[in-house]
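Keep in mind that what you see is a predicted model, and the values were worked out from it rather than measured.
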Amino acid sequence: MTTADVRSPDTGGTTMPVKRQKRRIPGWVKGAIWGLLAVGVLAIASYATGVNTLTSTNTAHTALRLALPILLCALGGLWAERAGVINIGLEGMMILGTWGAAWGAYHGGVWAGLIAAVVFGALGGLLHAVATVTFNVNHIVSGVAINLLGLGVAKYLANLVFTPLSGNPRQSPPVPKFDTYSATFLSDWLSDLEKMQRVFISDLAGILNGLVTEVAPLTMIAIALVPISYLVLWRTRFGLRLRSCGENPVAAESLGVNVYVHKYIAMIISGGLAGMGGASLVLLAGGADYLENQTNNRGYIGLAAMIFGNWRPGGLLGGAALFGYADGLQLAGGGTAVLALLYGAVILLAVIVAVQLFRRQWIAAALGVFGAALLYAIYWTNDDLPSDLIPYTAHFVTLIVLAVASQRLRPPKADGALYRRGED
């Protein structure tokens with residue numbers, strides 16, 4: 001049945017049909033569908049171009065490692081902006097986390113390094129909260145200042161502490177890394193499937209194999225923080241109060257919510273998560289020890305992933321995976337693999353154009369055709385990409401994705417608004 005009969009007092013007791021609301025598809029189901037679609041596009045592109053790197057185990061493993069700092073920074077941005085504080089300072093907090101991770105790990109091991117990274121990042125978040133919440137400094141100005149301060153403090157501390165140990169003020173001495181673990185029984189089976197070179201099946205096996213091979217505890221913690229953040233922010237009383245501070249702090253205050261306290265808590269958590277993102281650059285196997293400027297603007301990319309995800313945990317997970325994959329692909333396969341990715345983007349745009357034509361969205365379809373033609377022209381006229389451009393693949397993907405996704409964004413209503421207790 002699609003309707004229910006109810007009696008209406010305005011019609012003399014006659015029955016009137018009431019439409020039942022359609023059940024919405026759960027977010028995790030939508031995410032799984034989009035993931036399978038992405039694998040399908042990559043499989044077709046890999047088969048058509050002959051570039052197996054697109055879905056290889058090595059690419060997936062590298063992408064997972066590079067997606068972690070972006071994911072953790074995106075989660076940090078989520079906590080801050082759901083409380084109404086724009087956190088442009090994620091980059092600076094991540095930089096503080098890289099130094100803290102190296103210092104703590106050198107003196108006390110990997111877990112001490114992780115704790116130190118979280119503490120240093122949280123201190124950056126606390127400073128941003130003092131400026132924006134207590135003193136009502138413009139959020140963007142404060143965030144830029146935190147980025148500059150984080151860079152300067154890390155340089156000073158590295159020169160003070162690491163120079164006597166490593167002889168290099170821009171680099172720490174070697175620090176321990178997290179041990180890694182593999183699901184051997186599953187990895188062997190997936191490796192066999194990948195070697196069969198069957199379209200989609202082998203591609204999916206290669207990607208899954210990269211996700212279950214040599215996984216560090218920090219990786220599992222970072223991924224677990226996505227559902228934990230969702231449950232806390234959307235399924236607890238504390239989370240409801242925190243989100244109300246980002247939607248309407250005046251109304252939240254009238255209901256007895258201590259807006260200042262919730263904003264401070266959100267910013268400390270935000271900074272701690274960004275610091276943990278910095279730790280992932282230092283403490284994961286395959287990564288470098290502390291290096292000056294090793295974050296490479298990943299804090300800003302994390303903020304872009306949060307915006308792409310529409311300020312939702314599941315969405316930002318997809319954004320981090322996308323940007324991490326683009327970064328990992330250029331490391332694993334170079335310019336040839338990036339060109340093959342352009343071919344996959346052409347296929348995806350063709351699907352989008354077909355959907356827009358079905359919906360009679362002529363302008364959107366025309367723009368899709370233009371974009372597909374441009375990308376295919378780049379693919380067809382080049383055998384490789386300039387080596388100077390390849391490292392910026394993730395940055396280009398960030399700009400393109402944000403431009404495409406900008407039409408459906410819905411930030412918290414009071415995000416970035418200056419608030420004083422007792423004022424309307």
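Smallest separation of non-hydrogen atoms from Ala158 and Trp99: N-NE1, 3.3 Å.
Arg243 contributes a side-chain N or O that, together with a main-chain N or O of Leu233, makes up a donor-acceptor pair within less than 3.5 Å. A side-chain donor-acceptor contact under 3.5 Å links Ser244 to the backbone of Arg241. Within the 3.5 Å criterion, the main-chain N or O of Tyr290 finds a donor-acceptor partner in the side chain of Ser172. In this structure a side-chain-to-backbone donor-acceptor pair under 3.5 Å is present from Ser229 to Leu225. For the pair Asn147 (side chain) and Ile88 (backbone), a donor-acceptor distance under 3.5 Å is present.
In this model, a donor atom of one side chain and an acceptor atom of the other lie less than 3.5 Å apart for Ser142 and His128.
Annotation: salt bridge (Lys or Arg N to Asp or Glu O under 4.0 Å) contacts involving residues 106-135, sequence neighbours excluded, are absent.
Ring planes of Phe178 and Trp111: perpendicular class, angle over 60° (limits at 30 and 60°). Note on ring orientation: taking the six-membered ring where Trp is involved, the planes of Tyr376 and Tyr379 are tilted (angle from 30° to 60°).
Residue Leu190 holds its CG atom at 12.0 Å from NZ of Lys195, rounded to the nearest 0.5 Å.
Comment: Arg298 does not engage Glu91 in a salt bridge, judged by the lack of any side-chain N to carboxylate O separation of less than 4.0 angstrom.
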